[in-house]
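In what follows, a single structure is set out as structure tokens and then discussed.
Lettering follows sequence order; numbering is per chain, from 1.
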Number of protein chains: 2
Amino acid sequence: MFAQAATAPKLTVPFGAGQLHAEVRRAPASFSPDQPHQVMFYEANAEIYAQGEQATALYLVEFGAVRLYRLLADGRRQISAFHVAGEVFGFEADGQHHFFAEAVGQACIRVFRKPAGETNWRQTLAAALAALVRAQEHLLVIGRQNAAERVAAFLLDMMERQNSDCAVQLPMSRTDIGDYLGLTIETVSRTFSKFRSRGLVRLVNTRTVEILDAATLRAMCD
Amino acid sequence: MFAQAATAPKLTVPFGAGQLHAEVRRAPASFSPDQPHQVMFYEANAEIYAQGEQATALYLVEFGAVRLYRLLADGRRQISAFHVAGEVFGFEADGQHHFFAEAVGQACIRVFRKPAGETNWRQTLAAALAALVRAQEHLLVIGRQNAAERVAAFLLDMMERQNSDCAVQLPMSRTDIGDYLGLTIETVSRTFSKFRSRGLVRLVNTRTVEILDAATLRAMCD
DNA sequence: CGCCTCATTGATTCTACTCAATTCGGGTGG
DNA sequence: CCACCCGAATTGAGTAGAATCAATGAGGCG
């Protein structure tokens, strides 16, 4: 199950600037480390679990980011969620994973083997409900909003999940963003460019966006 | 909170033909009636709870159907889920409802006042996980599938949630279906017509669809 | 019978997709 | 240090699919 995870994390430069430290600060969240657990290190794009596998654990992101996704037969991909430091993922209703989970960049993940549910069920329920709310919010974005509104919502969401104001780190590629928002990479890129030309954002580099006018972006979403 | 719910259910013709009886058979599901509860009857389109309200209960559909939805500022609506007999809804992460819940047609709903969580948390978690899986599956449909694939998935889903083969009852209007699938009513209607002309379904009336070729519909979805 | 709402069908517009061509950025090796 | 390479991102041109605008048709109820 963890074949692709390096057992000896080569922490050459796992921490970049600013934001990753902010993530680390947020990490000690709901699940307490007094549960039996194991900390795993994953290289970029390493598989954490696959669709169809038995669900035997819950996962807490320590640093880095994770994408959950499914594939259609013809290769179309839908990312249902990104999870960043401090968030829990991996619950399934029938003991089987219905999605793939992969590290977006290098990621460190605390794995809680089951059955821990009897003791920390309240935390499990809280995490599941948080995921449910997130999925439902995302349904609204994908179902009824246009490209600009989707990208605006995404940027604001990423901004709020990081503690930094304005400078948002995007651990994921444009392809990831497109598959998350139900758009093509071209549309994502064009929308970024339009936001830039309207003075709403500054594209520092491909993975860093500075939010210049959060109010206008917010007004687009709702 | 329950202003629009009739306290004395006038059960003149609440049960229609076949399918509703099938729903009733499926009703006694996860939540046991030995919890303190109250059975409420709702007229069509009656509000069960509103966005922003305090979440004080869980809801088990006895018969009928319920829609959960949110509105954008300009009136666009996204239905995140339909719930039919035997299903539980109403959990929220932070004690506040993030969605509206309304009866689609006449509906009967068992209301479990909190805090019952301490005793039946396992059932609550199971129901929340079921809702999560459903929302995630729906994300895939809305994010990456075209109109025909969405409608096909919807029809198959409704068929599987009813015990009847082939003849599917649709308690909801075309507008509801559109707002659930992220499509306009015109597109929904056109897609139904295309399915009919291809011999995949028979449109018995506006609220009844006979599935003639489930295999082809299934092949469209994945 | 007529009214009203919902559903269907048609004509047109527009958004986002597709296909294609550069451009950018990071890494490697000379 | 610089030239080169490769994948990712951006930009452009044309197209397809769903939305929009509009008209007609089908039920349900007073």
For Ala152(A) and Phe195(A) the tightest heavy-atom approach is N-CE1, 3.9 Å

Across all chains, not counting sequence neighbours, the salt bridge (Lys or Arg N to Asp or Glu O under 4.0 Å) partners of Arg144(B) are Asp179(A)

Rounding to a whole Å, what distance do you find between [X]:[atom1] and [N]:[atom2]?
X         : N       : atom1 : atom2 : value
Asp179(B) : dA19(D) : CG    : P     : 11 Å
Leu183(B) : dA18(D) : CG    : P     : 7 Å
Asn45(A)  : dG7(D)  : CG    : C1'   : 13 Å

Thinking salt bridges, do [X] and [Y] make one under a 4.0 Å N-O criterion?
X         : Y         : value
Arg196(A) : Glu210(A) : no
Glu186(B) : Arg174(B) : no
Asp222(A) : Arg76(B)  : no

Residues in residues 68-78 of chain A with a heavy atom under 4.0 Å of DNA chain D, by number, are none

Ordered by number, residues from residues 144-153 of chain B within less than 4.0 Å of DNA chain D (heavy atoms) are Asn146(B), Ala147(B)

Write out a two-atom table: protein N or O, nucleotide N or O from nucleotides 11-15 of chain D, distance below 3.5 Å.
residue: dT11(D); atom: OP1; partner: Arg196(A); partner atom: NH2; Å: 3.2
residue: dT11(D); atom: OP2; partner: Ser193(A); partner atom: OG; Å: 2.2
residue: dG12(D); atom: N7; partner: Arg190(A); partner atom: NH1; Å: 2.8
residue: dG12(D); atom: O6; partner: Arg190(A); partner atom: NH2; Å: 3.2

Those residues at least two apart in sequence (or on a different chain) that pass ring pair (Phe, Tyr, Trp, His ring centres under 6.0 Å) with Phe100(A) are Tyr69(A)

Across all chains, not counting sequence neighbours, the ring pair (Phe, Tyr, Trp, His ring centres under 6.0 Å) partners of Tyr180(A) are Phe82(A), His138(A), Phe154(A)

Taken in chain and number order and not counting sequence neighbours, the residues that satisfy side chain to side chain contact (heavy atoms under 4.5 Å, CB included) with Ser189(A) are none

Sorted by chain and residue number, the side chain to side chain contact (heavy atoms under 4.5 Å, CB included) partners of Ala93(B) (sequence neighbours excluded) come out as Leu129(A), Val133(A)

*asked:* Quick one, Tyr59(A) with Tyr49(A), criterion ring-ring contact (aromatic ring centres under 6.0 Å, His included). Give me CA distance, side-chain angles, the key distance, then yes/no.
replied: CA-CA 10 Å; Tyr59(A) 304 82; Tyr49(A) 57 74; 5.3 Å; yes

For this session: Could you please spell out the steps behind the side chain to side chain contact (heavy atoms under 4.5 Å, CB included) verdict for Arg77(A) and Arg70(A)?
Result: CA-CA 6 Å; Arg77(A) 183 178 71 155; Arg70(A) 278 192 63 174; over 6 Å; no

Contacted region of DNA chain C by chain B, from 5' end to 3' end of the hits, cut-off under 4.0 Å to heavy atoms, spans dA7(C) to dA11(C)

Note: for Met172(B) and Asn205(A) on DNA chain C, the residue whose nearest nucleotide lies more 5' is Met172(B)

Sequence neighbours excluded, the answer for side chain to side chain donor-acceptor pair (under 3.5 Å) partners of Arg207(B) is none

Restricting both atoms to N or O, compile the protein contacts to nucleotides 25-30 of chain D shorter than 3.5 Å, with distance only.
none

Could you grab the distance from atom [atom1] of [X] to atom [atom2] of [Y], nearest 0.5 Å is fine?
X         : Y         : atom1 : atom2 : answer
Leu58(B)  : Glu92(B)  : CG    : CD    : 9.5 Å
Thr187(A) : Ile177(A) : OG1   : CD1   : 12.5 Å
Leu183(B) : Arg190(B) : CG    : CZ    : 11.5 Å
Arg134(B) : Leu139(A) : CZ    : CG    : 12.0 Å

Check your understanding: Are side-chain heavy atoms of Ile79(B) and Leu68(B) found at a separation under 4.5 Å?
Key -> no

> For Gly182(A), which contact category applies under a 4.0 Å heavy-atom criterion: base, sugar-phosphate, or nothing?
Replying inline: sugar-phosphate

What class does the angle between the rings of His83(A) and Phe89(A) fall in, given that below 30° is parallel, 30 to 60° is tilted and above 60° is perpendicular? parallel

Students should find that the end-to-end axis angle of the helix from dC1(C)-dG30(D) to dG30(C)-dC1(D), with five pairs defining each axis and rounding to 10 degrees, is 30°

